Amino acid sequence: MSTTVIHRGGCHCGAVRFEVDAPARVRVQSCNCSMCRPSGYLHLIVPASAFRLLQGADQLSTYTFNTGIAKHLFCKVCGIKSFYVPRSNPDGFSVNLNCLDAGSIESVEIDAFDGQDWEQHGESLAHLSR
């Protein structure tokens, strides 16, 4: 088991900053859905209690589609989605591994997730926010 550390990160312009408690050795999902694939989003899904927004709540804009359950949060200034509330884990957050500051991650394992067929595979992620 990897030690839990505080990872810090944010958007490109720095208007949005957050921290998240997660292992130093992380396992993330690379999704092929219409939102994640084009943006290169790598999902580090955590319980809501492990996520803290430090600044920029007033700089966030929300985009929803389809069922409206997922809350895609983007910085109004630079357009980066550094975290959001995923449909698979509405009780948690998905943090984009690519938006974390350097230095706190020891290693990364990337699992492929078939988000194009979300209805068949979405439930396999539900345990990640618990």
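Treat the numbers as computed from the prediction; the structure is a model and nothing was measured. For this chain, numbers begin at 1 and follow the sequence in order.
Here K76 does not pair with D58 in a salt bridge; the nearest charged N to carboxylate O distance is not below 4.0 Å.
By the criterion of side-chain heavy atoms lying less than 4.5 angstrom apart, applied directly or through intervening Ile, Leu, Val, Met, Phe, Trp or Tyr residues, L125 is not grouped with F51; the two fall into different hydrophobic clusters. Note: the hydrophobic cluster containing F93 does not contain I80 (ILVMFWY, side chain heavy atoms under 4.5 Å, direct or indirect links). F74 and F83 are assigned to two separate hydrophobic clusters, defined by single-linkage of ILVMFWY side chains at heavy-atom distances under 4.5 Å. Using a 4.5 Å cut-off between side-chain heavy atoms of Ile, Leu, Val, Met, Phe, Trp and Tyr, with links allowed through other members, Y84 and L53 fall into different hydrophobic clusters. When hydrophobic clusters are built by joining Ile, Leu, Val, Met, Phe, Trp and Tyr residues whose side-chain heavy atoms come closer than 4.5 Å, directly or via intermediates, I45 is not grouped with L97.
Shown are I6, D101, L100, V95; of these, the side-chain contact (heavy atoms from CB on, under 4.5 Å) with E19 is made only by I6.
In this structure, CG on N96 lies 8.5 Å from SG on C36, to the nearest 0.5 angstrom. To the nearest 0.5 angstrom, R8 atom CZ is 8.0 Å from R52 atom CZ. Taking NE2 of H121 as the reference point, atom OG of S88 lies at 13.5 Å (rounded to 0.5 Å). To the nearest 0.5 Å, atom CG of residue L44 and atom CG of residue N98 are 11.0 Å apart.
Contact detail for T64 and A70: the closest heavy-atom pair is CG2-O, 3.3 Å. Residues S129 and N89 come closest through the heavy atom pair OG-ND2, 2.9 Å. Nearest heavy atom pair, residue C75 against residue C78, reads SG-N, 3.5 Å. H7 approaches S104 most closely through the heavy-atom pair ND1-OG, 2.5 Å. Pairing each heavy atom of G92 with each of P86, the nearest pair is O-CD, 3.8 Å.
Under the 3.5 Å distance criterion, the side-chain polar atoms of D91 are left unmatched by any main-chain donor or acceptor of P47. The backbone N or O of S94 lies less than 3.5 Å from a partner atom in the side chain of Y41, making a donor-acceptor pair.
Residues P23 and T3 form no side-chain contact, since every pair of their non-hydrogen atoms from C-beta on lies 4.5 Å or further apart. Taking 4.5 Å as the limit, some side-chain heavy atom of R87 sits within range of a side-chain heavy atom of T67. Side-chain contact check for V77 versus Q59: some heavy-atom pair is nearer than 4.5 Å. You'll find the side chain of C99 stays beyond 4.5 Å of the side chain of C11, heavy atoms only. Q55 has its side chain out of reach of F18: every pair of non-hydrogen atoms, C-beta onward, lies at least 4.5 Å apart. Under the 4.5 Å side-chain criterion, counting only non-hydrogen atoms from C-beta, L128 is in contact with Q29. Inter-residue side-chain proximity for V46 and D21 is flagged as unmet; no heavy-atom pair is nearer than 4.5 Å. The shortest side-chain heavy-atom distance between S124 and F113 falls under the 4.5 Å cut-off.
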Passes side chain to side chain contact (heavy atoms under 4.5 Å, CB included), R27 versus D111? Steps please.
CA-CA 7 Å; R27 181 173 221 133; D111 295 328; 2.6 Å; yes
Chi angles and distances behind the side chain to side chain contact (heavy atoms under 4.5 Å, CB included) call for K71, Y63
CA-CA 6 Å; K71 305 299 182 216; Y63 172 69; over 6 Å; no
Could you give me the CA-CA distance, side-chain angles and deciding distance for V16 and L73, then say whether side chain to side chain contact (heavy atoms under 4.5 Å, CB included) is met?
CA-CA 10 Å; V16 176; L73 302 163; over 6 Å; no
Side chain to side chain contact (heavy atoms under 4.5 Å, CB included), that's the test. Do M35 and K81 meet it? Break it down for me.
CA-CA 11 Å; M35 286 287 291; K81 179 173 80 168; 3.8 Å; yes
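Within 6.0 Å of CZ on R37 lie no more than 12 heavy atoms contributed by other residues, nucleotides or ligands. The number of heavy atoms from other shown groups lying within 6.0 Å of NE2 (H12) does not exceed 12.
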